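To start, the structure under review is shown below, and the notes come after it.
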There are 2 protein chains.
Amino acid sequence: MTTNILDRLKSNPSCLSKSERKVAQVILNDPNKAIRSSIASLAKSADVSEPTVNRFCRSLDCTGFPDFKLKLAQCLATGTPYVNRNVEPNDRVEDYTSKIFEATMSAVSDAKRSIDINALSRTVDALSQARRIGFYGLGASGSVAMDAHHKFFRLNTPCSAYTDALQQRMAAAAAKPGDVVVIISITGRTISLVETARIARESGATVIALTTPHSPLAENCHILLGVDSQENTDIYINMTSRIVYLTILDVLATGVTLKLGPEFQSHLKRIKTVLAEMRFSSSPTD
Amino acid sequence: MTTNILDRLKSNPSCLSKSERKVAQVILNDPNKAIRSSIASLAKSADVSEPTVNRFCRSLDCTGFPDFKLKLAQCLATGTPYVNRNVEPNDRVEDYTSKIFEATMSAVSDAKRSIDINALSRTVDALSQARRIGFYGLGASGSVAMDAHHKFFRLNTPCSAYTDALQQRMAAAAAKPGDVVVIISITGRTISLVETARIARESGATVIALTTPHSPLAENCHILLGVDSQENTDIYINMTSRIVYLTILDVLATGVTLKLGPEFQSHLKRIKTVLAEMRFSSSPTD
DNA sequence: TGTCATATTGTAGTAAAATTACTTAAATTG
DNA sequence: CAATTTAAGTAATTTTACTACAATATGACA
């Protein structure tokens, strides 16, 4: 994704001249006003000439003022007007709530843009032909693996989740060709998981990694579902990556279900009916 | 939020005249082109006059053409240009991937708008003063509970996750005043969980429910963290609510951490260091 | 069916906006 | 402290959006 215009404005003393910085300042003061202003009024507010505003837009890789307004408007609309603001000690509840929700949305949106459709497609193929499926995760990714298991066990392929390093190792060693092993790790650097991936490969299983690109785990799998963790925001990485992973697993489960075709829907319906009996009335799965 | 302009365009044969509909059609064909067009070129593409385009904008509650472009641009940027389209049998990978990602984003965005800050704040208070914390969930919410446990166990309050109905019942019965019980359920109608909530209340624990408003569970707790499940889209409910719940738990964990104050940060840092030793190098928690 | 009334669309002109080309001012460097 | 480069402004041009008005179409009713 081309970097957010607002961010560039905030962090760019270089590349802008003195008067251009005045323009930037005025825009940052009230971006929502800026997108509705004409070049003339903006120039007046910043106390510079109109062409200066125009040149300012060009230095930000826009073709002109209208183009700049458009891009600014879009970046304001993303709901993340000042993306990646970190939570700060004195934030009130509403402050950090907004920040976390926004960070989550922007992570999902980034992932949507950067996900490798081809890898996704090959994964759906592998999963729908699998003899058995295993989801492997430790720590925060452990619950992701459990969640994936809960999704996939309703399909008719045998399926397990392993959230313990030793179990994982044993399961990987016991894997056979035709098995699919999905390894989930935010860092992709946990030694035992990378080992597990290697073992699973040696056993002949298809190894799929849901992890950060270029990590050791990413280098040791057959299919990589890579998710770039956001550059700057340390704090949010754990929160947001996990959510992105869950979403990707939703996509995979959906893909496999579609592949299994319509005669399979009745099978799912039966499960729903059984679950409904546990309820005061109606509806889905907790 | 004012209803999305694109949606209005798609579903509005009324309120638009014949020529105005021609304009709408051209815009829907390539909205991204439309936001960069002048009124003249757009009028030409739609084979109508310029004032017609202008009148078209006015009938959509815009002050004029530039205003319309702005709103359209923003709604395209939201990433949810065609919200809530359901997955269909013949969707290609890229189709259902987009749909699921978009549904997720819009669910998070809706939740952000509708979440009760006051309830959130009281929950943070309760959690940070708790003698011990339990997270209860079954099915898909089971992994949410596990995840919450993984987040909270790093804070110094004793904390557990229960994902088994029997365990939950026993833990609820054993609860004491000062304990906080967080019950997670998408439907809020699972009989055993509603029972568990009642038992926990009787034991004197503070019961917090992360569930659908107006459900039996919602009526049986001290603090309700309600998340409306999306109206129409049946299929997505399970996927998206779970993600919203996780996000809310992120907010809670952040809130509690902030409340515990700065002298606590070193404690967290120590955990990170220990984890780092399990890695090929650097960084967070799987 | 013809006439009037209303609604819809288009034409032409105007004001405003954005951009260009050019000039002046400031800053940098040998 | 000149010479050259860079930055900023002035004024003219082009493009854009809008207004007022005219023309055409649509429809209701005698």
Side-chain angles (χ1 to χ4, degrees), chain A residues 5-6 8-9 11-76, chain B residues 5-6 8-9 11-76:
Chain A
I5 286 217
L6 259 177
R8 296 239 300 286
L9 273 187
S11 62
N12 245 328
S14 70
C15 113
L16 287 184
S17 69
K18 199 167 51 179
S19 315
E20 286 172 344
R21 266 196 292 275
K22 288 205 279 184
V23 178
Q25 196 48 55
V26 170
I27 293 169
L28 284 173
N29 279 344
D30 191 351
N32 281 298
K33 184 178 162 198
I35 57 174
R36 308 191 162 273
S37 312
S38 72
I39 197 169
S41 63
L42 196 65
K44 199 168 160 220
S45 310
D47 196 32
V48 299
S49 70
E50 301 184 20
T52 298
V53 176
N54 207 296
R55 283 186 281 260
F56 160 85
C57 299
R58 298 245 161 94
S59 18
L60 271 85
D61 300 320
C62 301
T63 66
F65 184 66
D67 184 46
F68 168 77
K69 281 202 292 190
L70 210 68
K71 285 179 176 158
L72 181 61
Q74 294 204 313
C75 125
L76 287 173
Chain B
I5 286 218
L6 260 176
R8 296 239 300 284
L9 273 186
S11 62
N12 246 328
S14 70
C15 114
L16 288 184
S17 70
K18 199 167 51 181
S19 316
E20 286 173 343
R21 268 197 291 277
K22 286 205 282 184
V23 178
Q25 196 48 55
V26 171
I27 291 170
L28 284 172
N29 279 344
D30 191 350
N32 280 299
K33 183 179 164 198
I35 58 174
R36 314 195 156 270
S37 311
S38 71
I39 197 170
S41 63
L42 195 65
K44 199 169 161 218
S45 311
D47 196 31
V48 298
S49 70
E50 301 184 20
T52 298
V53 177
N54 207 297
R55 283 187 281 260
F56 161 86
C57 299
R58 299 245 161 94
S59 20
L60 271 82
D61 300 320
C62 300
T63 66
F65 184 65
D67 183 47
F68 168 77
K69 280 203 292 190
L70 210 67
K71 285 180 176 159
L72 181 61
Q74 295 204 314
C75 124
L76 287 173

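This is a predicted model, so every value here is computed, not measured. Proteins come first, then strands; the chains are lettered A, B, ... in the order of their sequence lines, and each starts at number 1.
The phosphate of D:dT16 has neither OP1 nor OP2 within less than 4.0 Å of any side-chain N or O from B:R36. The phosphate of C:dT9 (OP1 or OP2) has no side-chain N or O of B:S49 nearer than 4.0 angstrom.
Following rounding to the nearest Å, A:R58 (CZ) and D:dA7 (P) show an atom-to-atom distance of 16 Å. For A:I35 and C:dA18, the CD1 to P distance is 14 Å, given to the nearest whole Å. As rounded to whole Å, 12 Å separates atom P of C:dT19 from atom CZ of A:F68. We find that CZ of B:F65 is positioned 10 Å from C1' of D:dT16, with the value rounded to whole Å. The distance from atom CG of A:L42 to atom P of D:dG9 is 13 Å, rounded to the nearest whole Å. Going from atom NZ of A:K22 over to atom P of D:dA8 covers 9 Å, rounded to whole Å. The distance between atom NZ of B:K44 and atom P of D:dA17, rounded to the nearest whole Å, is 15 Å. Rounding to whole angstrom units, CD of residue B:E20 and C1' of C:dG10 are separated by 13 Å.
At a threshold of 4.0 angstrom between heavy atoms, the contacts of A:V53 with the nucleic acid are absent.
Checking each of A:V53, A:L72, A:I35 against A:I27 for a side-chain contact (heavy atoms from CB on, under 4.5 Å) leaves exactly one that passes, namely A:L72.
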Under a 4.0 Å heavy-atom criterion, the protein footprint on nucleotides 21-27 of chain D, written with B, S and -, is -----S-

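For A:Q74 (side chain) and B:A73 (main-chain N/O), a donor-acceptor pair under 3.5 Å exists by modelled atom type. The main-chain N or O of A:G64 is never found under 3.5 Å from a side-chain atom of A:R58 such that the two would form a donor-acceptor pair. Using modelled atom types, no side-chain atom of B:S41 and backbone atom of B:S37 make a donor-acceptor pair closer than 3.5 Å.
Listed nucleotides D:dA17, C:dT9, C:dT20 differ in distance to B:T52; the shortest reach to its side chain belongs to C:dT9. Of the candidate nucleotides D:dA8, D:dA17, C:dA18, D:dA17 has the atom nearest to the side chain of B:N54. Picking from C:dT19, D:dA8, D:dA17 the nucleotide with the shortest atom distance to the side chain of A:E50 gives C:dT19. The side chain of A:S38 approaches C:dA18 more closely than any other nucleotide in the set D:dA17, C:dT20, C:dA18.
Under the side-chain contact (heavy atoms from CB on, under 4.5 Å) criterion, A:K71 pairs with A:I5, A:C62, A:D67, B:R36, sequence neighbours left out.
Under the 6.0 Å cut-off for aromatic ring centres, B:F65 and B:F56 do not qualify, their centroids lying 6.0 Å or more apart.
When every heavy atom of B:T52 is checked against every heavy atom of B:S19, the shortest pair comes out as CG2-CB, 3.8 Å.
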